[in-house]
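Okay, structure first, notes after.
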Amino acid sequence: MSTTLAAIGLGSNLGDRLGYLQLASRGFQQTEGVRFVAQSPVYETPPLGYTDQPAFLNMVLLLETSLDANALLSRCAELEDQAQRKRLFRNGPRTLDVDILFLGDEIRQHDPILPHPRLHERRFALQPLCDIAPDWVHPLLDQSVCELLQTCPDDSMLCLVAQHLPEAAGYDTGLSHC
């Protein structure tokens, strides 16, 4: 069965933020048709859009998968449901946000739209992606993620929180406080 490399963005700004990122990471590791390849460092980032909410923890996972875009999107939604995500309004606070950033070089104009339509505008996604896949070329913009990061209009400050996601909650992460 053929596989494709996928980049998955994770974010959380409610409750046990680190725990929700761990839930998603473990969830993908336990998914049939998915092989865990790499994870980015964890960054604390300010909210975009609606700014009257707590800061986010963000990171990116690289996965090798035999799942198609629809099946992968369904798995993302299942993990958000496990974290009891509530969608009260656009860009509102959330326990867990799971987005497909890239699925190989696939281009789709319908749900899920691929690559993620606002990836090139989001430092909180580009920086962790650049950390683990710097040469990945955006199939529509024909620039690497690191090149996109250099010209990103989002000038938000990102604070490195942890070099890697700890395996279990309660683990001493050496988290910095931003």
Side-chain angles (χ1 to χ4, degrees), residues 1-13 17-43 45 48 56-83 85 87 91 94-150 152 154 158 161-167:
M1 186 173 284
S2 68
T3 60
T4 303
L5 192 62
I8 306 294
L10 304 179
S12 175
N13 77 333
R17 300 178 303 166
L18 195 58
Y20 289 122
L21 298 182
Q22 290 168 326
L23 178 146
S25 178
R26 282 192 308 268
F28 280 117
Q29 291 177 44
Q30 297 167 356
T31 301
E32 190 171 331
V34 172
R35 186 179 71 81
F36 188 82
V37 175
Q39 65 175 326
S40 75
V42 178
Y43 291 92
T45 65
L48 287 181
F56 280 84
L57 290 184
N58 289 100
M59 67 179 301
V60 171
L61 303 177
L62 288 185
L63 309 173
E64 191 173 84
T65 183
S66 60
L67 301 178
D68 67 16
N70 292 325
L72 190 57
L73 181 63
S74 291
R75 184 61 178 139
C76 293
E78 288 170 5
L79 293 168
E80 290 177 347
D81 288 346
Q82 286 178 20
R85 177 176 176 173
R87 297 177 191 276
N91 295 322
R94 61 210 81 151
T95 55
L96 182 62
D97 188 30
V98 184
D99 291 324
I100 305 170
L101 304 177
F102 287 122
L103 183 57
D105 58 2
E106 189 169 342
I107 298 170
R108 289 174 50 124
Q109 299 302 318
H110 50 82
D111 207 20
I113 298 170
L114 294 173
H116 190 285
R118 291 172 302 285
L119 172 62
H120 63 287
E121 301 170 351
R122 295 178 167 181
R123 183 170 302 279
F124 67 82
L126 287 171
Q127 179 62 63
L129 186 54
C130 183
D131 290 338
I132 56 175
D135 299 323
W136 197 323
V137 175
H138 192 293
L140 292 172
L141 302 177
D142 198 34
Q143 291 181 293
S144 73
V145 293
C146 287
E147 290 171 329
L148 292 172
L149 179 60
Q150 291 173 353
C152 182
D154 172 12
L158 276 60
V161 172
Q163 284 294 331
H164 60 85
L165 191 60
E167 291 301 314

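When side chains are defined from C-beta on, Y43 counts as touching D131, because their heavy atoms get closer than 4.5 Å. A heavy-atom distance below 4.5 Å is not found between the side chains of V98 and Y20.
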Practice item. Step by step, work out the side chain to side chain contact (heavy atoms under 4.5 Å, CB included) result for R123 and T45. Key: CA-CA 9 Å; R123 183 170 302 279; T45 65; over 6 Å; no
Practice item. With side chain to side chain contact (heavy atoms under 4.5 Å, CB included) as the test, would you mind laying out the steps for Q143 and H120 before giving the verdict? Key: CA-CA 10 Å; Q143 291 181 293; H120 63 287; over 6 Å; no
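The environment of CG in D81 is crowded: more than 12 heavy-atom neighbours from other residues, nucleotides or ligands sit within 6.0 Å.
Every residue two or more places apart in sequence or in another chain that forms a side-chain contact (heavy atoms from CB on, under 4.5 Å) with V37 is listed here: L5, R35, L62, E64. Every residue two or more places apart in sequence or in another chain was checked for a side chain to side chain donor-acceptor pair (under 3.5 Å) with D105, and none qualifies. Remark: C130 engages C146 in a disulfide bond (SG atoms under 2.5 Å apart) (not counting sequence neighbours). Evaluation of the side chain to side chain donor-acceptor pair (under 3.5 Å) rule for R122 yields no partner, not counting sequence neighbours. Applying the ring-ring contact (aromatic ring centres under 6.0 Å, His included) criterion to H138, with sequence neighbours excluded, gives F102. When the side chain to side chain donor-acceptor pair (under 3.5 Å) test is applied to D154, the partners found at least two apart in sequence or on another chain are S156.
How far CG of L61 is from CZ of F36: 5.5 Å, rounded to the nearest 0.5 Å.
What you find for T65 and A6 is that their closest heavy atoms are CG2-CB, 4.2 Å.
A distance-only check finds a donor-acceptor pair linking the side chain of S12 to the backbone of T95 [under 3.5 Å]. Without hydrogens or angle criteria, Q22 side chain to L165 main chain gives no donor-acceptor distance under 3.5 Å. Judged by distance alone, the side chain of R75 and the main-chain N or O of G27 form a donor-acceptor pair under 3.5 Å.
Evaluated for a side-chain contact (heavy atoms from CB on, under 4.5 Å) with L114, the options L73, I100, I107 yield exactly one hit, I100.
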